[in-house]
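Comments concern the structure below.
A quick note: this is a predicted structure, and the numbers were derived from the prediction, not measured. In what follows, every chain begins at residue 1, and chains take the letters A, B, ... in the order their sequences are listed.
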There are 2 protein chains.
Amino acid sequence: MTDSAFFGHLPHKTIERLSQYRRALLLCLDNGQSHIFSHEIAKIQHITSVQVRRDLMLIGYSGTLRKGYNIQELIDLIGSIVDSEEGINVAIVGMGNLGRALIKYISGKRHKLTIVAGFDSNPEKAGTKMNGVDCYSTEKMDEIIREKEIKIGIITVPAVNTREIAARLVEAGIKGILNYTPKPIEVPDGIYLEEYDMITTLEKIAFFVKVSEEEKEPTPEK
Amino acid sequence: MTDSAFFGHLPHKTIERLSQYRRALLLCLDNGQSHIFSHEIAKIQHITSVQVRRDLMLIGYSGTLRKGYNIQELIDLIGSIVDSEEGINVAIVGMGNLGRALIKYISGKRHKLTIVAGFDSNPEKAGTKMNGVDCYSTEKMDEIIREKEIKIGIITVPAVNTREIAARLVEAGIKGILNYTPKPIEVPDGIYLEEYDMITTLEKIAFFVKVSEEEKEPTPEK
DNA sequence: ATTCTGCTGTTAATTAAATAACAGCGCAAA
DNA sequence: TTTGCGCTGTTATTTAATTAACAGCAGAAT
Ligand SMILES: NC(=O)c1ccc[n+]([C@@H]2O[C@H](COP(=O)([O-])OP(=O)(O)OC[C@H]3O[C@@H](n4cnc5c(N)ncnc54)[C@H](O)[C@@H]3O)[C@@H](O)[C@H]2O)c1
Ligand SMILES: NC(=O)c1ccc[n+]([C@@H]2O[C@H](COP(=O)([O-])OP(=O)(O)OC[C@H]3O[C@@H](n4cnc5c(N)ncnc54)[C@H](O)[C@@H]3O)[C@@H](O)[C@H]2O)c1
């Protein structure tokens, strides 16, 4: 009987990497591979093999000497740590380009993580299905979130509506929010929030590209 | 004459935050605000005011006592550090849902970061325009990347084509890659790579939601 | 056999990032 | 004026994350 709360104090970065390991391992499994070495995982993830072994140590998994790790076993173990046994229901608010990309990408990929509803204020979108996911009017948000016991909301509405939607998600009892809008939000304690902005990532790349070019051709001394 | 290479050793996290500060500051400017305190920036970004002041110290910016930071000045300074003076050209490969969302979102948002081309293997998409960005056949990738001096490529093609596209971007002389595909890639030294996966973020949220619920109703003994 | 090799698992050391602590300053109140 | 307050800027400390170091082992090479 795994007391999964035991894993509650894993480093945040380790949690992220476990999810990434699983993604990579699933691809390896598709290729018919059955075992994998720490340095192979490391290469895929652009990290060191020590990092991988350390993460696996933290979750108490042991590989076979000279044979590596059993991919299926490791996938299952990561699942037992990262996933909720009962599964978690997710909703997406804002069925535009980004919302659709997300639905298409996530749907069916993870057993324990299901997008069970999309919401949109555009009356034409309510009542339709997208990749098998029912789309509802925003008016029904509260009702459906409670009914379907949705725990996580992804926000992909236009920036101006972010605050309002976030407030309503919180009101409806959601426990986690993933905000893709460029408008940062505030949530009460006890609600887990992540925000991600592609421009930030892009600017970071641009910066390091710039820096590395400047290092090559150093600024001419006046 | 700012020798911007001077900032080459800023912590990675600081670079990310500078970009986020700017995003937030631009919003404040729109609201007619002219000055801002460190604790206000901090609140928007869900960090501490010390963190903010420390970052600003690293880039050598001083606010006015009791008045805070001049928003416009700070935006300009961040720009002088993060942006390239000549600007950087970007291409997106794969004009599906995600590619379109990105073009729409990024286009026109940053002065020094321009999406100058989209590529798609679908012949129907070649020759069209999306949000003012010309869309070309993938066959012309090499040619156009060189011609327009594109430095950064964003990959949003189906996973199976990731490797091929990445190789061709590298071949064409690109210096930075942002891979949104769930298939991790390898690039030669000197090319800056970032990969991002929304499922990882979602699973992380799901994990911490789960953990926090388990803490509330601890596992029954026995 | 026995030596070598290449991997795992773990502890120790290092580095990076965040936080705490505090000096200084200028306006505001008294 | 002088006291307090609320802010900045910087140094010191702590914590988190990564990397290095190495012991141990199973099979391969000789
Ligand atoms: N974080 C990132 O990296 C990133 C990248 C791309 C886009 N974005 C942002 O994501 C959001 C969506 O982008 P998009 O390209 O999909 O835009 P879009 O215009 O294609 O889609 C927005 C959708 O939201 C719906 N909507 C509008 N108001 C609503 C409301 N109050 N409640 C529910 N639905 C509502 C619209 O009907 C539309 O279907 C935008 O805010 C955009 O800036 C963020
Ligand atoms: N990282 C994430 O969080 C995330 C989220 C959503 C989607 N995705 C991934 O992003 C990719 C795109 O998603 P989408 O929803 O936009 O898919 P989509 O099918 O809507 O778009 C894919 C586009 O790529 C084009 N294409 C196919 N092969 C190509 C090639 N060889 N060269 C150039 N273009 C080609 C297609 O014509 C299509 O226009 C997928 O790999 C998906 O898994 C990632």
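Between B:M57 and B:H39, it is B:H39 whose nearest contact on DNA chain D lies nearer the 5' terminus. If you find the closest nucleotide of DNA chain D to A:V50 and to B:R54, the one lying nearer the 5' end belongs to B:R54.
When distances run from any side-chain atom of A:L65 to the nucleotides D:dG6, C:dG6, C:dA18, the shortest one goes to C:dG6. Listed nucleotides: D:dT8, D:dG9, C:dA17. Nearest to the side chain of B:S62: D:dG9. Considering only the side chain of A:Q51, D:dT19 comes nearest among D:dC7, D:dT10, D:dT19.
Using a 4.5 Å heavy-atom cutoff, the side chains of A:R110 and A:R22 are in contact.
The neighbour count for B:K67 NZ, taken as heavy atoms of other residues, nucleotides or ligands under 6.0 Å away, does not exceed 12. For B:K204, the NZ atom sits in a packed shell: over 12 heavy atoms of surrounding residues, nucleotides or ligands are nearer than 6.0 Å.
Judged by atom type and distance alone, A:R66 does not reach the base of C:dT8 through any side-chain donor-acceptor pair under 3.5 Å. B:R53 contributes no side-chain N or O that forms a donor-acceptor pair with the base of D:dT10 under 3.5 Å.
D:dA28 atom P lies 12 Å from atom NZ of A:K67, rounded to whole Å. In this structure, B:Y69 atom OH and D:dC7 atom P are separated by 11 Å, rounded to whole Å.
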